[in-house]
Amino acid sequence: MTASSRPTPTPPTIPESLFPLLTSKAIAFVSTIGPRGEPQTTPLWFLWRDDAVQISLVQGRQKLKNLERDPRISVVIVDPAEPTRYLELRGRIDALTPDPERSLEHDIAIKYVGKDVDIEPPGTMRYTARVVVERITKQEGI
Amino acid sequence: MPALPVPGRFDDLLDSTILANLATIGPDGAPQVNPIWFLRDGETILFGVKGDTQKLRNIQRDPRVALSFLSPTDPGLYLELRGEIVEIFPYDDLSFVNILAHKYTGKDVTFGKVGEPRFRMTFVPSRWTGQ
């Protein structure tokens, strides 16, 4: 092992019963660490692809600035029909990858509303990130 | 980020029986989130935590938290409150958790025992965001 590599914990197993949340249209609560070390939470669309939660981040927004400073993240997905069913993925993002074609945001919009919509002005730079899960917490209903 | 007060258009969310998402800072500085029952009390938000939980230890170490509220029927209606826990009030008679239970279920809790340590948290927001 070199100094630059760190042991990768075995990724925790997401219970099968909660898997449908990952492919649902539920909106995720994404929490990051703010500039003064305080928690910040925002609702965000996401896409489950290649065995990971993937998110699209907008240039200039606080959430992106937070993740540039500190890659640690918590993503909570709650079943809107049964709020005591939820999954929390704790970990970090792997990297912030420029997405000038906004290809991920395109696919995310298709997932949620069936067409490519973007409330950001044309030309807005976006980045993609995958959530590397280190720990999960959950509740499978009452 | 807008200053207080929280606009009245969020009243329905704050008086509803949705769960709030409580974000705290874990021992290593990373964010942790749990859905919780809450009760609005004027300009403050009350919620409870059990003793010997990570959530309690997190708040005792760093009282800064974020509470977020998303309408289950209107995904465009969302509120995040950032602020601090200003009081951690211990009790062990189920009194406060039963107040929450009545809001959410209309009756006393069916879990928990008298004598178990619990804490009532008083949250005061300092900023809000939302849409």
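Chain naming here is simple, since letters A, B, ... match the order of the sequence lines and numbering starts at 1 in each. The structure displayed is predicted, hence computed values, not measured ones. All values below come from the heavy atoms of this structure, side chains included, with hydrogens, waters and symmetry mates left out.
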Q. Of all of A:Ala81, A:Ser74, A:Gly34, which one pairs up most often with chain B through heavy atoms under 4.5 Å apart?
A. A:Ser74
**Q.** A:Asp116/A:Arg102 under side-chain contact (heavy atoms from CB on, under 4.5 Å): CA gap, chis, key distance, verdict
**A.** CA-CA 10 Å; A:Asp116 187 14; A:Arg102 52 181 298 286; 3.2 Å; yes
Q: Sort by residue number and list every member of residues 17-55 of chain B having a non-hydrogen atom under 4.5 Å from chain A.
A: B:Leu19, B:Asn21, B:Ala23, B:Thr24, B:Ile25, B:Asp28, B:Gly29, B:Ala30, B:Pro31, B:Gln32, B:Val33, B:Asn34, B:Pro35
Q | Basic-acidic side-chain contact under 4.0 Å: A:Arg135, A:Glu88 | A | no
Q. Minimum heavy-atom separation for A:Val30 to A:Val75, with atom names?
A. CG2-CG2, 4.4 Å
Q: Verify side-chain contact (heavy atoms from CB on, under 4.5 Å) between A:Glu134 and A:Arg90, making sure each step is shown before the conclusion.
A: CA-CA 6 Å; A:Glu134 293 170 354; A:Arg90 284 187 207 161; 5.9 Å; no
Q | Close side-chain approach of A:Tyr86 to A:Thr137, heavy-atom, < 4.5 Å | A | yes
Q. Residue by residue, which of residues 36-50 of chain A have a heavy atom closer than 4.5 Å to a heavy atom belonging to chain B?
A. A:Arg36, A:Gly37, A:Glu38, A:Pro39, A:Gln40, A:Thr41, A:Thr42, A:Pro43
Q) With respect to B:Phe10, which candidate in B:Phe69, B:Tyr78, B:Trp128 satisfies the ring-ring contact (aromatic ring centres under 6.0 Å, His included) definition? A) B:Trp128
Q: Decide yes or no on side-chain contact (heavy atoms from CB on, under 4.5 Å) for B:Asp108 and B:Leu94, but give the supporting numbers first.
A: CA-CA 9 Å; B:Asp108 283 354; B:Leu94 296 177; over 6 Å; no
Q | More than 12 heavy atoms of other groups within 6.0 Å of B:Arg61 CZ | A | yes
Q | Working for side-chain contact (heavy atoms from CB on, under 4.5 Å), residues A:Leu104 and A:Arg126 | A | CA-CA 9 Å; A:Leu104 177 63; A:Arg126 283 182 175 270; over 6 Å; no
(Q) Restricting to non-hydrogen atoms, name the atom on A:Leu67 and the atom on A:Arg72 that form the minimum distance, rounded to 0.1 Å. (A) CD2-O, 4.0 Å
